[in-house]
Amino acid sequence: MELEALLVDKLEQYFRRCMQSLPSRAQEEDSNRLALVYFCLHGLEAINRLTLTAEEKEKHAKHIYEHMIEDPRGEMVSFRPSQTFALPLESDRSYDLPNLSATFFALCSLLALGSDFSRILDRHKIMRFVKQCQHRQGPSCGAFSPVTGLDGEPFGGEDLRLCYIATSIRKMCKYDSMTEEERKQRDTDIDVDSCIQYVLRSMNDSGGFSSDGWTEPHSGLTFCAIASLKLLGYDFSRNQVRFESTRDWLVHRQVEYPETLYGDCDYEYWDQADEGAFNGRENKFGDTCYSWWCTASLYLLDPVYLDLVDLSKATKYLLSKTQSRLLGGFGKNGDSFPDPLHTFTAIFSLALWKTSSHQSLHFKGETQLQPIDASLVISKRSLLFLTDAVQFDS
Amino acid sequence: MTDTYNYDDVKPVQIRSDEPELCQILYDDEYEHTMGILLALMRDKEYSERALHITEQGIELLASHYTIWYYRFEILTTLNKNLFDELDWVEQIALENQKNYQIWNYRQLLVEKIIESGADFSPYREYPLLGEMLEEDVKNHHVWSYRKWLVERFDLFHAPKEVSFVNSKIDEDVRNNSAWTHRHFLLFGKPSLVDETLVNDEVEYVKMKIELCPQNASSWTYLLGIYRRAKKPLGELHEFCLQFANGMAESESTADTDESQDKAEVKSSFALEMLARIYVEQKEIAKAKRAYTLLADKYDPIRKNYWEYQKSVIV
């Protein structure tokens, strides 16, 4: 199959524009500012175009460290999502609430910038904050909330996304390689068992994951569940039959509407143009980002599962339907403007398929794609930096 | 916008940085002003009517910022505000911004506080809002999740009103997966209410819906879900599936050949998949392979590799 080109130069320009400044309509993303930074930095890394000078890297890293929040008692360290929410120094800063997601995006971004955060951050203080976000009782026992309030208690809806974020932070703090004894002694680790139990409870009968096992399964939440378990060292073969149903559910998320069964595709949530795309739920439209959530989940369950879906059609959908030839970048679907999240997930999907599947996918620009890590969702180069350069003294 | 309350004495906190920042957002004046005042009042821990008002402005501009919701709730508690009024306010915000999902968790928090205070709370109070929200987007995940929470919190399992609601949603759109998922929870979520009659009635119900629209993942998933929970043998569905896959039972000898494919007349890939499972269970290997071949080559070719894999693991 003839595939369109990955427009690497345009992509680079797109990310560089976003990194420089965003129009005022991006205000509604102000609470995701560090996420935008993460998408741009790792997106550029994945196409081998993160070409910053040492000076620029240092400057950007310094900017990210400015988002750091230390609690008044000096026990916890976290990040805020945007400098907009920084309260003036020397004032009562209680309403500068520490934010779990922002902490994840900050650490990932620092890795891309080659900043060894073990020199600057006390990992045990970060983990104390993560632990503080975890629910210790009730129906959501084991789950995490997005922020902690003035009383230090978790606030805001908990779900699998935050489990994923918490387990990723734990990985970046290298708690997974600490001895059992040390973890117990410190008392700053999350309750891993209750977290695993929460994730397993969220599996729906159909194999997909949802907010609590009985609501509608969703590809994005399924990725968060699988990646959380992976990061916590869970062995999927312990529950083989159930995770095979997860695999089957994920494989069925790829869409195509053969005329012999679908006729003229006369349903408002079906679109012939989605061929090759993945959807988030049954009988819904395809969307660029689900290419990532679905195939990365399959890959994490078992790398060979990647070859159960049609990556040639999946690639075609991204390159010829959702890639913007004019602006560079990828949109949610063929009718949307590009945005950092969808551009990032498209590139990461292509990079995963290119480097990890056995299917033959050839398109112009492919050689630029770099290996990525599917569980932390960062470039392999950043992962190596974490493994080799980031060394905590205690 | 903010003229009902006076903020003249409040010096807004400056949110615009002088230094260029990564992913700098070019804030407009309204955003800068509102956020600036909000931050100043939060810094001063001001719990007042005007503070409450500015949180509304803030939430309208940036609903995804949890701190504003938290601050708002602290103000309400401190001023001892009527929580039913707050529910009305949330309703307005929900209807104005369909994508705002923070409100549902906030609403749960309010309902819990109301119950805690000893006041009466009827879950049916929520129905008009939920109905209206689903009018806008009938598959809104957050609205359905909230509805699921209501069923659980107020023990509405099998409640006639809820059953007739979910019936109507399935009647409106038989492919609405959210509605089918809700039905599954409503009827099977409380094991003590599940008996053979219910199982049989639901199998009949879903079969009828499948006949109406055979190529529908949602109804087949529901059917399979019942069978799994009730631990019923899938073989019972053999005859039922065959009506959507004519010719599948015949020509065993020509299984897996092009010739046999031509005779099959398939109306549903899901029926074919179910048949393949049944044949695997019953060790009818040739038939199972034939079903997988039909899926791979004709009825669901995008999953060709998957069907070939399923075929290869039949023992």
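Quick note on labels: first sequence line is chain A, next is B, and so on, each numbered from 1. Only a predicted model underlies this, so the values are computations on that prediction, with no experimental measurement involved.
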Participant: Where does A/His252 contact chain B at under 4.5 Å (heavy atoms): side chain, backbone, both or neither?
Facilitator: both
Participant: Distance check, rounded to the nearest 0.5 Å: B/Met35 atom CE versus A/Gln27 atom CD?
Facilitator: 8.0 Å
Participant: Taking every non-hydrogen pair under 4.5 Å, which of A/Tyr262, A/Trp249, A/Tyr305 racks up the most with chain B?
Facilitator: A/Tyr262
Participant: Which bit of A/Cys18 comes within less than 4.5 Å of chain B, counting heavy atoms only: side chain, backbone, both or neither?
Facilitator: backbone
Participant: B/Arg228 side chain to A/Asp205 main-chain N or O, any donor-acceptor pair under 3.5 Å?
Facilitator: yes
Participant: What I want to check is whether the side chains of A/Thr260 and B/Lys298 have a donor and an acceptor closer together than 3.5 Å.
Facilitator: no
Participant: Report which part of A/Ser82 has an atom under 4.5 Å of a heavy atom belonging to chain B: side chain, backbone, both, or neither.
Facilitator: side chain
Participant: Atom OG1 in A/Thr215, atom CZ in B/Arg147: separation rounded to 0.5 Å?
Facilitator: 15.0 Å
Participant: Select one option (side chain, backbone, both, neither) describing which atoms of A/Leu34 are under 4.5 Å from chain B's heavy atoms.
Facilitator: neither
Participant: Under 4.5 Å from any heavy atom of chain A, what part of B/Asn177 do you find: side chain, backbone, both or neither?
Facilitator: both
Participant: For A/Glu28 and B/Ser64, work out which heavy atoms get closest and say how close.
Facilitator: O-OG, 3.9 Å
Participant: Under a plain distance cut-off of 3.5 Å, with no hydrogens placed, do A/Thr84 and B/Tyr31 share a side-chain donor-acceptor pair?
Facilitator: no
Participant: Evaluate the ring planes of A/Tyr95 and B/Tyr47, with Trp represented by its six-membered ring, and classify them as parallel (under 30°), tilted (30 to 60°) or perpendicular (over 60°).
Facilitator: perpendicular
Participant: Establish, for the pair B/Arg175 and A/Tyr269, whether the NZ or CZ atom is under 6.0 angstrom from the six-membered ring centre and no further than 45 degrees off its axis.
Facilitator: no
Participant: Please flag which part of A/Gln359 lies under 4.5 Å from any non-hydrogen atom of chain B: side chain, backbone, both or neither.
Facilitator: side chain
Participant: Non-hydrogen atoms of chain A under 4.5 Å away: do they reach the side chain of B/Gln310, the backbone, both or neither?
Facilitator: side chain
Participant: Check each atom of B/Leu38 against the heavy atoms of chain A and say whether the ones under 4.5 Å are side chain, backbone, both or neither.
Facilitator: neither
Participant: CG of A/Leu261 to CG of B/Asp300: how many Å apart, nearest 0.5 Å?
Facilitator: 8.0 Å
Participant: Considering only heavy atoms, which portion of A/Asp159 lies under 4.5 Å from any heavy atom of chain B: side chain, backbone, both, or neither?
Facilitator: neither
Participant: Select one option (side chain, backbone, both, neither) describing which atoms of A/Val309 are under 4.5 Å from chain B's heavy atoms.
Facilitator: backbone
Participant: Look at A/Gly276, A/Ala314, A/Pro146 and state which one has the largest set of heavy-atom pairs under 4.5 Å with chain B.
Facilitator: A/Pro146
Participant: Non-hydrogen atoms of chain B under 4.5 Å away: do they reach the side chain of A/Pro258, the backbone, both or neither?
Facilitator: side chain
Participant: Go through the atoms of B/Thr221 and report whether side chain, backbone, both or neither lie under 4.5 Å from a heavy atom of chain A.
Facilitator: side chain
Participant: Where on B/Trp180 is there a heavy atom nearer than 4.5 Å to chain A: the side chain, the backbone, both, or neither?
Facilitator: neither
Participant: Less than 4.0 Å between a side-chain N and a carboxylate O, is that true for B/Glu21 and A/Arg33?
Facilitator: yes
Participant: Chain A heavy atoms under 4.5 Å from B/Arg229: which part of the residue, side chain, backbone, both or neither?
Facilitator: side chain
Participant: Answer with side chain, backbone, both or neither: which region of B/Lys267 has an atom nearer than 4.5 Å to a non-hydrogen atom of chain A?
Facilitator: backbone
Participant: Heavy-atom distance under 4.5 Å to chain B: side chain of A/Ser109, backbone, both or neither?
Facilitator: neither
Participant: Check the pair A/Val255, B/Ile302 against side-chain contact (heavy atoms from CB on, under 4.5 Å), reporting the backbone distance first and the verdict last.
Facilitator: CA-CA 8 Å; A/Val255 299; B/Ile302 198 150; over 6 Å; no
Participant: With respect to chain A, which residue among B/Trp307, B/Phe73, B/Tyr66, B/Tyr70 yields the maximal number of heavy-atom pairs within a distance under 4.5 Å?
Facilitator: B/Tyr70
Participant: List the atom of A/His218, the atom of B/His141, and the distance in Å for their closest heavy-atom pair.
Facilitator: CB-NE2, 4.3 Å
Participant: Going by atom types only, do A/Asp30 and B/Tyr27 share a side-chain donor-acceptor pair under 3.5 Å?
Facilitator: yes
Participant: Does the side chain of B/Trp149 come within less than 4.5 Å of A/Asp212's, by heavy atoms?
Facilitator: no
Participant: Quick one: what part of A/Gln83 sits under 4.5 Å from any heavy atom of chain B, side chain, backbone, both or neither?
Facilitator: side chain
Participant: Return the option, out of A/Leu36, A/Asn32, A/Val251, with the maximum number of heavy-atom pairs under 4.5 Å with chain B.
Facilitator: A/Val251
Participant: Please classify the contact of B/Tyr309 with chain A as side chain, backbone, both or neither, using a heavy-atom distance under 4.5 Å.
Facilitator: side chain
Participant: Answer with side chain, backbone, both or neither: which region of B/Leu62 has an atom nearer than 4.5 Å to a non-hydrogen atom of chain A?
Facilitator: side chain
Participant: Would the distance check show the side chain of B/Asn305 and the main-chain N or O of A/Asp307 forming a donor-acceptor pair, the cut-off being under 3.5 Å?
Facilitator: yes
Participant: Measuring heavy-atom distances to chain B, does A/Arg25 have an atom under 4.5 Å in its side chain, in its backbone, in both, or in neither?
Facilitator: neither
Participant: In terms of heavy-atom pairs under 4.5 Å with chain A, which of B/Glu74, B/Glu32, B/Gln215, B/Glu19 leads?
Facilitator: B/Gln215
Participant: Among B/Gln14, B/Lys45, B/Glu308, B/Glu152, which has the most heavy-atom pairs under 4.5 Å with chain A?
Facilitator: B/Lys45
Participant: Do you know the tightest heavy-atom contact between B/Asp28 and A/Ser24?
Facilitator: N-CB, 4.1 Å
Participant: Can you tell me how far apart OH (B/Tyr306) and CG (A/Leu250) are? Round to the nearest 0.5 Å.
Facilitator: 10.5 Å
Participant: Among side-chain atoms of A/Glu216 and B/Ser178, is any donor-acceptor pair under 3.5 angstrom?
Facilitator: yes
Participant: So which part of B/Asn176 gets closer than 4.5 Å to some heavy atom of chain A, the side chain, the backbone, both or neither?
Facilitator: backbone
Participant: Tell me the closest heavy-atom pair linking B/Leu26 and A/Ser21, and the distance in Å.
Facilitator: CD1-OG, 4.2 Å
Participant: Given a strict heavy-atom distance threshold of 4.5 Å, which part of B/Pro301 is in contact with chain A: side chain, backbone, both, or neither?
Facilitator: both
Participant: Out of curiosity, A/Arg281 CZ to B/Thr181 OG1, how far, rounded to the nearest 0.5 Å?
Facilitator: 9.0 Å
Participant: Without hydrogens or angle criteria, can the side chains of B/Asn216 and A/Asn283 be said to hold a donor-acceptor pair below 3.5 Å?
Facilitator: yes
Participant: Between chain B and each of A/Leu41, A/Val37, A/Asp96, count heavy-atom pairs under 4.5 Å; write down the option with the most.
Facilitator: A/Val37
